[in-house]
Asker: 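I'd like to ask you about the structure that follows.
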Amino acid sequence: MGELKDYSGPIKPKGFQWEDFSKETLIKVMGEYARLYLMIDGLWNTIVTRDSGMEAADKWDTEVWLTIPRPLLIGLKKTLNIEGNDVVSLLKTIQFDPGFTPHLFDYDLEVKNNNHVIMNIHKCPSLLYFESKAPEKVMPICHELEPPCFQEYCNVYDSRIKCTPLKLPPRKGPDDVPHCIWEFKLEE
Amino acid sequence: MHLAVQEGLEEQVPKDLRDYSGPFDPNRRYPDFSKDTLVMLLEEYSRSYRLLERQWHAVLRERHSDREAVECAIGQWMSTRPMVSHWLSKALNIEGDNVETFFKRLQMDPRFTPAEFDVCWELRRPDSGVFTVKKCGTLVSLEEEGKGYELTLCNEQELPALTRVAQYTNPHMKMVPLRLPPRRSETDIACQWEVKLES
């Protein structure tokens with residue numbers, strides 16, 4: 001059986017494995033998994049908002065996300081054999097975080113030195129969604145959830161690495177880019 | 001993706017990298033890696049997806065109750081599962097409205113990946129089949145927790161959730177649980193389901 005470009009053909013009931021697919025197809029699936037990863041969080045938040053109110057939902061969403069970085073980054077470090085505890089090592093794992101893939105985000109990284117990096121996020125799909133459908137979510141998510149969660153990412157590597165938001169929404173208008181800017185810096 | 005701005009670093013030539021132990025490259029992307037590495041990364045992504053779901057469950061069980069956590073989970077599943085099927089079907093060109101199509105969609109579901117689950121797929125006819133989950137990490141974790149939450153989750157959440165997924169493929173598709181927890185022993189299967197199209 002050659003490498004599958006998709007799964008339009010018959011089912012493989014026995015011995016199904018990811019290796020059956022081509023590299024390009026695997027990358028496509030990863031992009032969809034990343035999309036779904038962000039989507040399910042949004043849906044959990046929506047359901048809990050309906051049942052318990054927005055304040056509780058956003059507070060618990062933050063609690064959930066604060067538990068994610070450690071197992072996520074440790075798993076990615078192991079899978080990709082990323083060593084080191086400096087800022088660029090942290091950014092190496094963030095580059096492959098399912099919550100931050102190039103399928104959905106557009107960002108660049110300014111590396112000042114191995115312990116000082118600026119991340120400019122030019123397109124954030126979550127922000128675009130909130131601005132369009134749920135503008136009341138911009139402040140809780142961008143100002144209350146993201147900063148402590150990014151800091152928790154840093155803590156997994158070295159708690160001396162500080163993540164500082166240099167620019168956050170709300171935006172002045174649709175042409176206001178980058179959407180947000182984050183500084184990662186090791187403070188001795 | 002924007003090109004990164006980096007002083008003094010030459011652009012890396014993408015190869016079939018086995019890992020990312022080498023220098024940081026601000027333009028490092030998925031195609032730079034070997035297929036084996038991408039497979040491992042894909043498993044990590046599905047593990048992260050399940051982790052996120054599990055953590056929401058955990059927070060809701062702590063803040064509310066097991067009952068309310070399951071009800072929220074069912075509500076969330078009813079919205080999520082059709083989207084999962086939709087986006088993956090679009091990416092993988094999976095079309096059709098029979099049981100075979102449904103099985104293919106489940107095989108690709110991030111909650112149901114080969115590394116974490118051991119599933120036996122038995123397609124009897126295009127409109128009828130049985131799948132047996134021989135190994136389920138979530139079930140084992142909940143059994144080890146010892147609070148019996150797996151009985152609530154498996155017996156109350158899974159049927160409406162899987163039915164919703166099945167009916168995305170065909171509104172006449174019916175899920176019948178043949179075996180559900182509690183298991184008879186550690187070596188027993190996790191669960192077994194019959195899927196059929198009713199005319």
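Throughout, protein chains are lettered first and strands after them, A, B, ... in sequence-line order, and every chain is numbered starting at 1.
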Asker: Are any non-hydrogen side-chain atoms of B:His64 and A:Ser52 less than 4.5 angstrom apart?
Answerer: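 Result yes, sub-4.5 Å side-chain heavy-atom pair found.
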
Asker: Taking atom types as modelled and ignoring hydrogens, do the side chains of A:Asp41 and B:Trp56 form a donor-acceptor contact shorter than 3.5 angstrom?
Answerer: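 On atom types as modelled, these side chains qualify, holding a pair under 3.5 Å.
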
Asker: To check you understand the geometry: which heavy-atom pair defines the closest contact between A:Ile11 and B:Glu100, and what is its length?
Answerer: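 Answer, listing the atom of A:Ile11 first, then B:Glu100: N-OE2, 2.8 Å.
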
Asker: Quick one: are B:Leu51 and A:Pro71 in side-chain contact, heavy atoms under 4.5 Å?
Answerer: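 In contact.
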
Asker: Side chains of A:Lys12 and B:Phe103, heavy atoms from C-beta outward: is any pair under 4.5 Å?
Answerer: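 Result no, sub-4.5 Å side-chain heavy-atom pair not found.
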
Asker: Which heavy atom in B:Pro110 sits nearest to a heavy atom in A:Leu36, and how many Å separate them?
Answerer: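 So the minimum-distance heavy-atom pair works out to CG-CD1, 4.3 Å.
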
Asker: So do B:Ser48 and A:Tyr33 actually touch side chain to side chain, heavy atoms under 4.5 Å?
Answerer: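 Not in contact.
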
Asker: For chain A, which candidate among B:Met40, B:Gln107, B:Gln55 shows the most heavy-atom pairs at distances under 4.5 Å?
Answerer: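 Going by pairs under 4.5 Å, I would pick B:Gln107.
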
Asker: Let me know if B:Ala58 has heavy atoms under 4.5 Å from chain A in its side chain, its backbone, both or neither.
Answerer: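 Neither; nothing under 4.5 Å.
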
Asker: Testing the basics here: between A:Ile47 and B:Cys72, what is the closest heavy-atom pair and its distance to 0.1 Å?
Answerer: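 Here A:Ile47 and B:Cys72 meet closest at CG2-O, 3.7 Å.
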
Asker: Examine whether an atom of B:Glu71 lies under 4.5 Å from a heavy atom of chain A, and if so say whether it belongs to the side chain, the backbone or both; otherwise answer neither.
Answerer: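 Contact with chain A: none, neither part.
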
Asker: Can you tell me which of A:Thr46, A:Leu76, A:Val117 forms the most heavy-atom pairs within a distance under 4.5 Å of chain B?
Answerer: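 Looking at each option in turn, the highest pair count goes to A:Leu76.
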
Asker: Roughly how far apart are A:Leu109 CG and B:Arg28 CZ, rounded to 0.5 Å?
Answerer: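 Going from the CG atom of A:Leu109 to the CZ atom of B:Arg28 covers 13.0 Å.
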
Asker: Heavy-atom distance under 4.5 Å between the side chains of B:Leu38 and A:Trp18, does that happen here?
Answerer: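 The answer is no; the side chains never approach within 4.5 Å.
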
Asker: With chain B as the partner, which of A:Arg35, A:Lys28, A:Glu83, A:Gln17 has the greatest number of non-hydrogen pairs under 4.5 Å?
Answerer: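 Option with the greatest count: A:Arg35.
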
Asker: What part of A:Ile68 lies closer than 4.5 angstrom to a heavy atom of chain B: side chain, backbone, both or neither?
Answerer: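 Both parts, heavy atoms under 4.5 Å.
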
Asker: Surrounding CD of B:Glu186 (heavy atoms of other residues, nucleotides or ligands, distance under 6.0 Å), is the total greater than 12?
Answerer: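 Open: at most 12 neighbouring heavy atoms sit under 6.0 Å from CD of B:Glu186.
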
Asker: Under a 4.5 Å heavy-atom cutoff, which of B:Cys120, B:Gly96, B:Ala73 has the most pairs with chain A?
Answerer: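 Option with the greatest count: B:Ala73.
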
Asker: Please report the C-alpha distance between A:Trp44 and B:Leu52 in whole Å, then the side-chain angles of each, then the deciding distance to 0.1 Å, and finally whether the side-chain contact (heavy atoms from CB on, under 4.5 Å) criterion is met.
Answerer: CA-CA 10 Å; A:Trp44 272 107; B:Leu52 187 53; 5.9 Å; no

Asker: Please report the C-alpha distance between B:Leu41 and A:Met30 in whole Å, then the side-chain angles of each, then the deciding distance to 0.1 Å, and finally whether the side-chain contact (heavy atoms from CB on, under 4.5 Å) criterion is met.
Answerer: CA-CA 8 Å; B:Leu41 204 45; A:Met30 284 167 67; 3.5 Å; yes

Asker: Identify the heavy atoms of B:Gly22 and A:Lys92 that sit nearest to each other, and give their distance.
Answerer: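 What the structure gives for the nearest pair is O-NZ, 2.6 Å.
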
Asker: Same cluster or not: A:Tyr129 versus A:Leu43, using hydrophobic residues (I, L, V, M, F, W, Y) connected whenever any side-chain heavy atoms lie under 4.5 Å apart?
Answerer: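 Yes, A:Tyr129 and A:Leu43 fall within the same hydrophobic cluster.
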
Asker: At what distance, to the nearest 0.5 angstrom, does CZ of B:Phe24 lie from CG of A:Leu91?
Answerer: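 The distance works out to 5.0 Å.
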
Asker: Which region of B:Phe131, side chain (C-beta onward) or backbone (N, CA, C, O), has a non-hydrogen atom less than 4.5 Å from a non-hydrogen atom of chain A, or is it both or neither?
Answerer: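 It is neither, since no heavy atom gets under 4.5 Å.
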
Asker: Are A:Leu38 and A:Trp60 connected, step by step, through hydrophobic side chains (Ile, Leu, Val, Met, Phe, Trp, Tyr) whose heavy atoms are closer than 4.5 Å?
Answerer: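 Same hydrophobic cluster.
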
Asker: So if I apply the side chain to side chain donor-acceptor pair (under 3.5 Å) rule between B:Lys35 and each of A:Glu19, A:Glu24, A:Glu3, which one comes out positive?
Answerer: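 Answer to the side chain to side chain donor-acceptor pair (under 3.5 Å) test with B:Lys35 among A:Glu19, A:Glu24, A:Glu3: A:Glu3.
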
Asker: For a quick test of reading the model, state the closest non-hydrogen atom pair linking A:Val29 to B:Met108 and the distance between them.
Answerer: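 So the minimum-distance heavy-atom pair works out to CG2-CE, 4.2 Å.
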
Asker: Is A:Asn113 close to chain B through its backbone or its side chain, or both, or neither, when contacts mean heavy atoms under 4.5 Å?
Answerer: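 Neither; nothing under 4.5 Å.
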
Asker: Please rank A:Thr25, A:Thr101, A:Ile118 by heavy-atom pairs under 4.5 Å with chain B and give me the top one.
Answerer: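 Top count of heavy-atom pairs under 4.5 Å with chain B: A:Thr101.
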
Asker: Above 12 or not: heavy atoms from other molecules or residues under 6.0 Å from CD of A:Glu136?
Answerer: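 Enclosed: over 12 neighbouring heavy atoms sit under 6.0 Å from CD of A:Glu136.
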
Asker: Sort out for me which of B:Val59, B:Thr101, B:Leu123 touches chain A most, counting heavy-atom pairs under 4.5 Å.
Answerer: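 Highest number of heavy-atom pairs under 4.5 Å: B:Val59.
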
Asker: State, yes or no, whether a side-chain contact exists between A:Thr79 and B:Asp19 at a heavy-atom distance under 4.5 Å.
Answerer: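 No; the side chains remain at least 4.5 Å from each other.
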
Asker: Would you say B:Leu180 and B:Val165 are hydrophobically clustered, going by side-chain heavy atoms of ILVMFWY under 4.5 Å?
Answerer: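 Hydrophobic grouping puts B:Leu180 with B:Val165.
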
Asker: Any donor and acceptor pair, going by atom type alone, linking the side chain of A:Lys23 with main-chain N or O of B:Tyr30 inside 3.5 Å?
Answerer: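 Pair absent, no side-chain N/O of A:Lys23 close to backbone of B:Tyr30.
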
Asker: If Ile, Leu, Val, Met, Phe, Trp and Tyr residues are connected whenever their side-chain heavy atoms lie under 4.5 Å apart, and connections chain through other members, are A:Phe16 and B:Leu42 in the same group?
Answerer: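 In one cluster: yes.
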
Asker: Indicate yes or no: at least one non-hydrogen side-chain atom of B:Glu44 is less than 4.5 angstrom from one of A:Leu80.
Answerer: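 No. Closest side-chain heavy atoms not under 4.5 Å.
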
Asker: Side chain, backbone, both or neither: which part of B:Ile94 has a heavy atom under 4.5 Å from chain A?
Answerer: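 The answer is both parts of B:Ile94.
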
Asker: Specify which of B:Arg63, B:Glu95, B:Glu122, B:Glu53 makes the most heavy-atom pairs with chain A at under 4.5 Å.
Answerer: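 The residue among B:Arg63, B:Glu95, B:Glu122, B:Glu53 with the greatest pair count is B:Arg63.
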
Asker: Taking C-beta and beyond as the side chain, do B:Leu92 and A:Leu4 meet within less than 4.5 Å on heavy atoms?
Answerer: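 B:Leu92 does not reach A:Leu4 side chain to side chain.
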
Asker: Near B:Arg18 CZ, under 6.0 Å, is it more than 12 heavy atoms from other residues, nucleotides or ligands?
Answerer: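 No, because the 6.0 Å sphere around CZ of B:Arg18 holds 12 heavy atoms or fewer from other groups.
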
Asker: When heavy-atom pairs shorter than 4.5 Å are enumerated against chain A, which of B:Trp121, B:Tyr45, B:Tyr49 gives the highest number?
Answerer: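 Looking at each option in turn, the highest pair count goes to B:Tyr45.
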
Asker: Same hydrophobic cluster for B:Leu153 and B:Trp77, using side-chain heavy-atom links shorter than 4.5 Å among ILVMFWY?
Answerer: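 As far as the 4.5 Å side-chain criterion goes, B:Trp77 and B:Leu153 are not connected within one cluster.
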
Asker: Under 3.5 Å, side chain of A:Gln95 to main-chain N/O of B:Asp25, donor-acceptor pair present?
Answerer: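 Present.
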
